[in-house]
Colleague: 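Got a structure for you, questions after.
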Amino acid sequence: MMEFGTSFRVRLFGSSHGPEVGAMIFGVPKGTPIDLARLQGDLDRRRPVGRRLATRRQEPDRLVVDAGLVDGRATGEAVRLHVANEDVSKAPYEELRHTPRPGHADYPARVRFGNSADLSGGGIFSGRMTVGLVAAGSIARSVLQSEGVEIVAYTRSIGEVPVEVDESEPLDALRARVLANEVGSPDPAKALEMERAIEAARRAGDSLGGVIECRCDGVPVGIGEPFFDSIESELAHILFAIPAIKAVEFGAGFASARMRGSEHNDAFYWDGDRVATRTNHAGGVLGGLTTGMPLVFRVAVKPTASISRPQETVDLTTHTSARIVVKGRHDPCIVPRAVVVVESVAAIALIDLMLRGGFDR
Ligand SMILES: Cc1cc2nc3c(=O)[nH]c(=O)nc-3n(C[C@H](O)[C@H](O)[C@H](O)COP(=O)(O)O)c2cc1C
């Protein structure tokens, strides 16, 4: 079963080219406001339509909540929500049935599930499955906001174009800039450079990846379950469920390996009556528990697997080598669409651990 969580559980259903995709969400506290316009707004952020740079696939992604909601509030029963798959074109995938696309799940999925698996559009491995994650994450964020927790994800780099971010900037200001451009960049000038890089990759029949950073402010101290369900383990667990994520790091992350203890240790001080740290190399986590400092992590998104150039593969029926051209409609860079997905899964993992830790209202 495609399910995550213990107290706030999210179960995904559907597939890329089936009738629908969606989620069942168990454990939404009774009375939680569920603002459909806000949910739809979050879904629109991961949708390609309206984005100049993305796939030409036209998906209205109109959200329907089937259960668990009355008069704008959660009933305490399971919430079921879905969107219909309205722009489905299976033909390009039929042609590739026996020639797995490089960079996609086709080959291992075919071996694991056999010829009957419907891998059109990537089937259950598709980025389209993140519709349910974003809708569930939107609800999780409403609960978190009532606890004073705010989450913002943004693009830190696309291809070779990086963005510098001031970690002390208030999240509201950061969010406003991130939402103001197509690539989710906090820096408008860099956003244009990123757009140009993506367009150049598209023209070359190629694709680009990038890094998304996420900051969660207002997280109470001590969230996380020792030992295996630490905040890092749970976040990594759900972040790696997002298709195309290849790496996760917290705080100074891989750079920690080159630092000395004297440099890496974050010194404590009193900030009024709360304990804070002068630096945040730990990314807001010590011993798998939150420290009360901003929770900061980054994910690496690989370059889109579907590129329009001819590629080498194998024919699984004839046992010969083959060349394929992946048709269909694909984004030359999925980083901009994945920003809201990262924000959403962070909210799901956080609220689940907070409810487990007794932060229930
Ligand atoms: C929101 C989103 C949209 C995606 N769209 C595409 C796409 O248009 N073309 C593509 O090749 N991959 C796309 N992907 C990534 C693939 O689904 C993914 O790379 C593939 O299923 C293999 O899984 P893996 O990269 O996690 O190993 C998308 C991912 C996300 C999160």
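Every number for a ligand or one of its atoms is a count from 1 in the order of the listing. Quick note: residue numbers are just sequence positions, from 1.
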Colleague: Using a 4.0 Å cut-off to any heavy atom of Ile242, which atoms of ligand 1 qualify?
Modeller: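 Those atoms are 31 (C).
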Colleague: Looking at Phe13, I'd like to know if its CZ atom is crowded, meaning that more than 12 non-hydrogen atoms belonging to other residues, nucleotides or ligands lie closer than 6.0 Å.
Modeller: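 Counting neighbours around CZ of Phe13, more than 12 heavy atoms of other residues, nucleotides or ligands fall under 6.0 Å, so yes.
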Colleague: Check the pair Arg177 / Asp187 against salt bridge (charged side-chain N to carboxylate O under 4.0 Å, His left out), numbers first and verdict last.
Modeller: CA-CA 7 Å; Arg177 288 206 312 282; Asp187 179 332; over 6 Å; no
Colleague: Quick one: does Thr130 get an N or O within less than 3.5 Å of an N or O on ligand 1?
Modeller: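 There is no such contact.
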Colleague: For Lys302, take its heavy atoms, then give the atoms of ligand 1 lying under 4.0 Å from any of them.
Modeller: 19 (O), 24 (P), 25 (O), 27 (O)
Colleague: May I ask you to check whether over 12 heavy atoms, not counting those of Phe113, lie within 6.0 Å of atom CZ?
Modeller: yes
Colleague: Return yes when atom CZ of Phe227 has more than 12 non-hydrogen atoms of other residues, nucleotides or ligands closer than 6.0 Å, and no otherwise.
Modeller: no
Colleague: For atom 30 (C) of ligand 1, state which one of Ala305, Gly127, Pro336, Gly209 supplies the nearest heavy atom.
Modeller: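 Ranked by closest heavy atom to atom 30 (C) of ligand 1, first place is Gly127.
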Colleague: Tell me every residue that passes side-chain hydrogen bond (donor to acceptor under 3.5 Å, both in side chains) with Asn280, counting only those two or more places apart in sequence or in another chain.
Modeller: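 If we apply the side-chain hydrogen bond (donor to acceptor under 3.5 Å, both in side chains) test to Asn280, skipping adjacent residues, there are no hits.
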Colleague: Hey, which atoms in ligand 1 end up nearer than 4.0 Å to a heavy atom of Asp331?
Modeller: 8 (O)
Colleague: Is the shortest N/O to N/O distance between Ser306 and ligand 1 below 3.5 Å?
Modeller: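 Yes; the residue has a nitrogen or oxygen that sits under 3.5 Å from a nitrogen or oxygen of the ligand.
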Colleague: Please verify whether a non-hydrogen atom of Gly103 lies at under 4.0 Å from ligand 1.
Modeller: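 Checking ligand 1 against Gly103, which is what was asked, there is a heavy-atom contact under 4.0 Å.
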Colleague: Could you check which of Pro303, Ala109, Ala244, Pro108 puts a non-hydrogen atom nearest to atom 24 (P) of ligand 1?
Modeller: Ala244
Colleague: Between Lys246 and ligand 1, which residue portion shows a heavy-atom distance shorter than 4.0 Å: side chain, backbone, both, or neither?
Modeller: neither
Colleague: Between CG of Leu12 and CE of Met24, what distance do you get to the nearest 0.5 Å?
Modeller: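 The CG atom of Leu12 sits 11.5 Å away from the CE atom of Met24.
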Colleague: With no hydrogens and no angle check, just 3.5 Å: does a side-chain donor-acceptor pair link Asp166 and Ser168?
Modeller: yes
Colleague: Can you sort out the partners of Glu3 under side-chain hydrogen bond (donor to acceptor under 3.5 Å, both in side chains), two or more places apart, ordered by chain and number?
Modeller: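 For Glu3 the side-chain hydrogen bond (donor to acceptor under 3.5 Å, both in side chains) partners, ignoring immediate neighbours, are Arg9, Arg11.
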Colleague: Does ligand 1 have a heavy atom under 4.0 Å from the side chain of Arg128, from its backbone, from both, or from neither?
Modeller: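 No part of Arg128 comes within reach of ligand 1.
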Colleague: Can you confirm if the aromatic rings of His104 and Phe125 lie within a centre distance of less than 6.0 Å?
Modeller: no
Colleague: Which of the atoms in ligand 1, numbered in the order shown and given with their element, are less than 4.0 Å from a heavy-atom of Thr304?
Modeller: 7 (C), 9 (N), 10 (C), 11 (O), 12 (N)
Colleague: Could you name the option among Val340, Ile334, Val341, Ile307 that has the heavy atom nearest to atom 14 (N) of ligand 1?
Modeller: Ile334
Colleague: Please could you name the atoms of ligand 1 that Arg46 approaches to less than 4.0 Å, counting only its heavy atoms?
Modeller: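 The list of qualifying atoms is 1 (C).
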Colleague: Short list, please: which atoms of ligand 1 are under 4.0 Å from a heavy atom of Arg337?
Modeller: 3 (C)
